[in-house]
Amino acid sequence: MLDQKLIRENPKSVEENLSLRGKVHNISHIHELTLKKREIDIELSNLQYESKKLSKLIGQEISKSQNNNSPEINNLKIKGNEYRVKISEFEEKQRIFDKQINTEISKLPNFPSKDAPIGKDENNNVQVKTWGDPLKQEHLKSHWEIGESLNLFDSIKSTKISKSRFITLIGNGARLERALINFMLDTHTKNGYLELMPPALVNSESLKGSGQLPKFSNESFKCSNDDLWLSPTAEVPLTALHKNEIIDPKLLPIKYVAYSPCFRREAGSYGRDTKGLIRLHQFNKVELYLFCEPSKSSEAHQKITSDAENILKKLNLPYRIVDICTGDLGFSSSRTFDLEVWLPSSKCYREISSCSNCQDFQARRSSIRTKIDKKNTYLHTLNGSGLAIGRTMAAILENGQQKDGSVKIPEALVPYFGSNLIKNT
RNA sequence: GGAGAGGUGGCUGAGUGGUCGAAAGCGAACGACUCGAAAUCGUUUAAUAGGUAACUAUUCGUGGGUUCGAAUCCCACCCUCUCCGCCA
């Protein structure tokens, strides 16, 4: 959520900032609404002042005369009634304006950071670094081929259970998934993150708070009988955890790591990544999340990114980091580093983690503040996948494949998986 | 799901129509006393919006309503607790 005061006082700068995203945002209508609302606020406040004064006077008169029905008092009551009528008119107006302004502002995305590369779309993203040697042989198997031959998962049968884009993990596949979750959680908790396991169903308020609503209702699954949705990422419950709080600065920064299943409708991606573990309606993810003071968020962003990278390094998976350009930034983010893992079968890097600094955008939507120099200040929130489990499994299968059809398990994972090889039995 | 009780400031808790943003206590901050501390005494101690400020308004779970006036009365919803039922 952008600052309403800024929109009222400096709409030009707001438009300029938003235009960095490569799309024109005309906010003049919102600007006008805020000005009108301001007038209403002032007028209402004046009316309330007069009315309050009169009510006190009536109270005094009644206790003085011991009679609440004298003509003088009745006259005062009639006057009071006039105030009441006017006040409720203004309150109604205020309500309407508040609602309009709020709906409009919550549709506006975050400002891109000044440090984000300027660009129109994903083609303008900037590769920051690469790590490891990408495997580039011909005739390498895709992870779904490997999964099928080693009987690690089944998507065809899963359509019986649900529909397409769901997976059932089997045997070593299920075991590998579990090993990855535990490995990642252990690694991050050793690095100072507190482990949480939040609810998978979240209410509309929570989705608004982190930026998925009102604009992206199409991308999450809704439970029709309740005001509950299947959470698309642990970012949602983790933001909502501290909704409407003023957090003691001594407790900052707050660092969470959470395993959660994630549910996404993937509307509009028909035909893309239909095979394998890359794009599913349900997937597992270990998420890093951080609340900190505004002055510390850039540094924290580097840190959260390197904590996510750490997993890829330990698993010995080649990857690169991409600095997302202003035109390709997610709705809530001001700056994002994507970690992309090398998938040899498709000979390209695929996103496996997205590390974002949302600055005060989510904190303002969710009202999460701290005291800085006695002033309430919105915190900055950061999130990063650390990592998406399914895509990590895909990368391990493809990068660890051996000529005999078996798959080598990265050393760091062996204690968790219980074996250094998956082979056909 | 049924029956009952309840939601008040950082916490405990009083307040059932009138100057109440709210007694009292605890906690916290500052000051006095002290070499220092404890104890004691004194003062201060909610948030939000607008305003340079004085100040003004709003907020007693949330949203409506009644009234000149609502923490207090009415309606709806949410949440918590106890008992019963069901369940991992």
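Each chain gets a letter, A, B and so on, in the order its sequence line appears, and its residues count up from 1. All values reported here derive from a predicted model rather than from experimental measurement.
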B:U12 to B:C81 separation - P atoms, rounded to the nearest Å
15 Å

What nucleic acid atoms does A:K53 come within less than 4.0 Å of, heavy atoms only: base, sugar-phosphate, or nothing?
nothing

Send over the distance from A:E39 CD to B:G50 P, rounded to a whole Å.
16 Å

Mind checking the P distance from B:A23 to B:A14? Whole angstroms is fine.
15 Å

Side-chain H-bond candidate by donor/acceptor type, A:R175 with A:N172, under 3.5 Å
no

In whole angstrom, what separates A:L47's CG from B:A57's P?
12 Å

Under the rule for side-chain hydrogen bond (donor to acceptor under 3.5 Å, both in side chains), what residues qualify as partners of A:N218, not counting sequence neighbours?
A:R265

What's the CD1-P distance between A:I247 and B:G10, to the nearest Å?
15 Å

Pairwise 5' ranking along RNA chain B for A:N46 and A:K37, keeping only the more 5' one:
A:K37

To the nearest angstrom, how far is A:R369 atom CZ from B:G10 atom P?
12 Å

Are A:Y416 and A:F183 close enough that their ring centers fall under 6.0 Å?
yes

Within the structure shown, what part of the strands sits under 4.0 Å from A:Q60 by heavy-atom distance: base, sugar-phosphate, or nothing?
base

Could you spell out the base pairing of RNA chain B in dot-bracket, with Watson-Crick or G-U pairs whose two distances are under 3.5 Å, [ ] crossing and | to another strand?
((((((((.[[[..)..(.....]]]((((((.......))))))(((((....))))).[[[[[..)....]]]]])))))))....

Rounded to whole angstroms, how far apart are NZ on A:K99 and C1' on B:G63?
12 Å

Does the separation of the ring centres of A:H301 and A:F337 fall below 6.0 angstrom?
yes

What integer distance in Å separates A:R38:CZ from B:A57:P?
17 Å

Could A:R264 and A:E266 be called an ion pair, given the rule that one side-chain N must be under 4.0 Å from one carboxylate O?
no

Rounded to whole angstrom, note down the C1' distance from B:G63 over to B:C78.
10 Å

Report yes if the distance between the aromatic ring centroids of A:F361 and A:H380 is under 6.0 Å, otherwise no.
no

Among residues at least two apart in sequence or on other chains, which ones pass side-chain hydrogen bond (donor to acceptor under 3.5 Å, both in side chains) with A:S204?
A:D227, A:W229

With rounding to whole Å, what would you report as the distance between B:A71 and B:C33 at their C1' atoms?
41 Å

Could you go through residues 321-333 of chain A and list every donor-acceptor pair under 3.5 Å that involves a side-chain atom there, pairing it with any protein atom two or more places apart or in another chain?
residue, atom, partner, partner atom, Å
A:D323, OD1, A:R335, NE, 3.4
A:D323, OD2, A:R335, NH2, 2.6
A:T326, OG1, A:L20, O, 2.7
A:T326, OG1, A:G119, N, 3.1
A:T326, OG1, A:G119, O, 3.2
A:D328, OD2, A:N125, ND2, 3.0
A:S332, OG, A:S210, O, 2.9
A:S333, OG, A:R335, N, 3.2
A:S333, OG, A:R335, O, 3.0
A:S333, OG, A:T336, OG1, 2.7

Measure CD/A:E50 against P/B:C55 and give the value in whole Å, please.
18 Å

A:I87 CD1 to B:G64 C1': how many Å, rounded?
17 Å

With sugar-phosphate taken as primed atoms, P, OP1 and OP2 and all else as base, the protein-contact string of nucleotides 65-81 of chain B at under 4.0 Å (heavy atoms; B, S, -) is --BBS------------

For a quick test of reading the model: is some side-chain N or O of A:K52 closer than 4.0 Å to OP1 or OP2 of B:U58?
yes

Please give the distance between the P atoms of B:G85 and B:G2 as a whole number of Å.
16 Å

Using atom P in both nucleotides, what's the gap between B:C60 and B:G10 to the nearest angstrom?
14 Å

Span that lies between the C1' atom of B:A57 and that of B:G51, in whole angstrom
12 Å

Are the ring centres of A:F291 and A:H242 closer than 6.0 Å?
yes

Could you tell me which residues satisfy side-chain hydrogen bond (donor to acceptor under 3.5 Å, both in side chains) with A:H143, sequence neighbours excluded, listed by chain and number?
A:E398

Interatomic distance at C1', B:A28 relative to B:G9, whole Å
14 Å

